[in-house]
Amino acid sequence: MGKRSFVPLFWTLFSVGGVVAAFLIPIHLFLFGLAFPLGWIQPPTYERLLALARLPLVRLYLFVLCSLPLFHWAHRFRYTLYDGLQVKHLNELIILGTYGGAIVGTLVAGYLLWSL
Amino acid sequence: MTEKPVYTEFHPRWYRTRVSTYWWLDRTPYVKFILRELSSIFVAFFVVITLLQIRALGQGPQAYPAFQQRLQAPIMVILNILSLLFVLFHTITWFNLTPKAIVLRVRGRRLPDLLIAAPNYVAWLVVSGVIAWIVTGG
């Protein structure tokens with residue numbers, strides 16, 4: 001068996017994560033980052049939000065919302081470092097920091113949502 | 001004719017012009033490219049804040065309002081405004097890539113880019129509306 005490349009896998013995660021980020025993050029950012037804190041829209045109560053977040057489907061949704069965009073970030077940021085700063089010689093460190101960060105973030109998301 | 005060729009131990013260096021680290025400041029499309037790439041940092045920032053929010057939600061009815069209050073700090077508001085702008089830039093550039101990836105022909109004529117990108121925007125508005133409706137409780 002020949003050596004398999006991880007490039008297609010990471011590229012797919014980048015691409016799917018990009019779609020998730022493009023469709024879902026703006027409204028989440030608007031509501032939870034601006035509209036609720038600044039009082040433009042009445043925020044949901046703690047109890048309601050907790051009950052909502054505990055629904056299995058919502059847990060799964062939040063997991064996808066957190067995990068896939070992290071892989072999108074990892075891939076894009078990795079190449080930004082190569083192209084923008086020309087730091088190809090730090091390759092191993094960059095791969096560890098980006099994909100490693102995405103994997104850690106995914107595990108944290110899984111743990112938090114599981115124990116919610 | 002019998003002159004011995006000269007071998008060097010290493011491959012000779014190619015001629016390559018040095019590219020400045022700041023090459024992307026040269027032209028507007030390059031700047032846009034780097035800004036689009038940098039949007040990923042704000043995507044990651046959003047995920048970190050969201051994870052902290054989920055953690056606060058799990059910690060109980062005291063921890064959650066405290067976290068909400070931290071989101072009202074001016075620095076957080078500024079970061080969130082900046083994040084929203086960058087993520088919107090990502091959304092728009094991402095949607096507008098679709099016509100580059102998909103070529104649709106109707107009766108032999110290529111559909112204009114706008115028509116291929118448009119369903120993305122419609123779906124985006126619908127999805128955003130549904131999420132807002134669910135979160136705010138109808």
Side-chain angles (χ1 to χ4, degrees), chain A residues 14 17-39 41-50 52-54 58 61-62 65-67 69-70 72-81 83-87 98 101-102 105 108-109 112-113 115-116, chain B residues 19-24 33-34 36-55 57-58 60-62 64-65 68-73 76-77 79-81 83-84 87-88 90-95 97 120 123-124 127-132 134-137:
Chain A
F14 158 74
V19 173
V20 171
F23 275 100
L24 303 178
I25 291 184
I27 185 67
H28 276 270
L29 249 179
F30 174 74
L31 289 175
F32 289 95
L34 295 173
F36 295 155
L38 296 177
I41 300 175
Q42 179 70 32
T45 61
Y46 171 79
E47 287 74 20
R48 214 189 88 75
L49 209 58
L50 184 64
L52 192 64
R54 276 180 171 162
V58 176
Y61 167 81
L62 288 173
L65 179 71
C66 290
S67 172
L70 278 181
H72 170 78
W73 160 79
H75 196 84
R76 200 166 236 188
F77 191 57
R78 179 185 160 199
Y79 286 98
T80 311
L81 290 177
D83 297 336
L85 299 176
Q86 300 180 21
V87 284
T98 50
V108 169
L112 285 175
L113 288 163
S115 55
L116 194 66
Chain B
V19 177
S20 155
T21 307
Y22 306 103
W23 60 268
W24 42 273
F33 163 75
I34 285 291
R36 194 193 74 194
E37 300 297 284
L38 286 180
S39 71
S40 63
I41 294 175
F42 294 93
V43 166
F45 174 75
F46 162 79
V47 172
V48 171
I49 298 297
T50 304
L51 287 175
L52 288 173
Q53 183 146 31
I54 294 170
R55 193 183 69 149
L57 197 61
Q62 279 89 45
Y64 190 70
Q68 291 295 94
Q69 210 145 39
R70 249 172 277 155
L71 285 182
Q72 290 169 358
M76 284 307 296
V77 173
L79 280 173
N80 276 327
I81 291 173
S83 299
L84 186 59
V87 175
L88 284 175
H90 161 70
T91 300
I92 291 164
T93 50
W94 197 266
F95 287 173
L97 272 180
N120 283 325
W124 180 42
V127 167
S128 300
V130 169
I131 293 170
I134 291 173
V135 170
T136 55

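Both backbone and side-chain heavy atoms feed into the values below; hydrogens, waters and symmetry mates do not.
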Which bit of [X] is near chain B, if near means a heavy-atom gap under 4.5 Å: side chain, backbone, both or neither?
{"X": "A:H28", "answer": "both"}
{"X": "A:L38", "answer": "side chain"}
{"X": "A:V58", "answer": "neither"}
{"X": "A:I41", "answer": "side chain"}
{"X": "A:A53", "answer": "side chain"}

Residues that B:N120 engages under side chain to side chain donor-acceptor pair (under 3.5 Å), provided they are two or more places apart: B:T98

Taking side chain to side chain donor-acceptor pair (under 3.5 Å) as the definition, give me every residue that meets it alongside B:Q53, ordered by chain and number, with sequence neighbours left out. B:Y64, B:Q68

Can B:L79 and B:F45 be said to form a side-chain contact (heavy atoms from CB on, under 4.5 Å), step by step? CA-CA 9 Å; B:L79 280 173; B:F45 174 75; 3.9 Å; yes

Between A:I27 and B:W124, does a side-chain contact (heavy atoms from CB on, under 4.5 Å) hold up when you go through it step by step? CA-CA 9 Å; A:I27 185 67; B:W124 180 42; over 6 Å; no

After noting the C-alpha distance and the side-chain angles of B:F95 and A:F23, does the key distance pass the ring-ring contact (aromatic ring centres under 6.0 Å, His included) rule? CA-CA 9 Å; B:F95 287 173; A:F23 275 100; 4.9 Å; yes

Contacting region of [X] [heavy-atom separation from chain A under 4.5 Å]:
{"X": "B:R36", "value": "both"}
{"X": "B:W94", "value": "side chain"}
{"X": "B:Y22", "value": "neither"}

For A:Y79 and A:W73, I'd like to know if the aromatic rings sit close, meaning centre-to-centre distance below 6.0 Å. no

Go through [options] and name the one with the most non-hydrogen pairs under 4.5 angstrom from chain A.
{"options": "B:L71, B:L88, B:I49", "result": "B:L71"}
{"options": "B:T50, B:V19, B:T93", "result": "B:V19"}
{"options": "B:I92, B:V47, B:I41, B:V43", "result": "B:V47"}
{"options": "B:T91, B:V48, B:V127", "result": "B:T91"}

Pairs of heavy atoms under 4.5 Å with chain B: top-ranked of A:L116, A:T80, A:I25, A:L24: A:I25

Which one of A:G101, A:G105, A:G18, A:P44 has the most heavy-atom pairs closer than 4.5 Å to chain B? A:G18

The reported gap from CE in B:M76 to CD in B:Q69 (rounded to nearest 0.5 angstrom) is 13.5 Å

Is B:R55 atom CZ crowded by more than 12 heavy atoms from other residues, nucleotides or ligands, each under 6.0 Å away? no

From CA spacing to verdict: side-chain contact (heavy atoms from CB on, under 4.5 Å), B:S40, A:H75: CA-CA 9 Å; B:S40 63; A:H75 196 84; over 6 Å; no

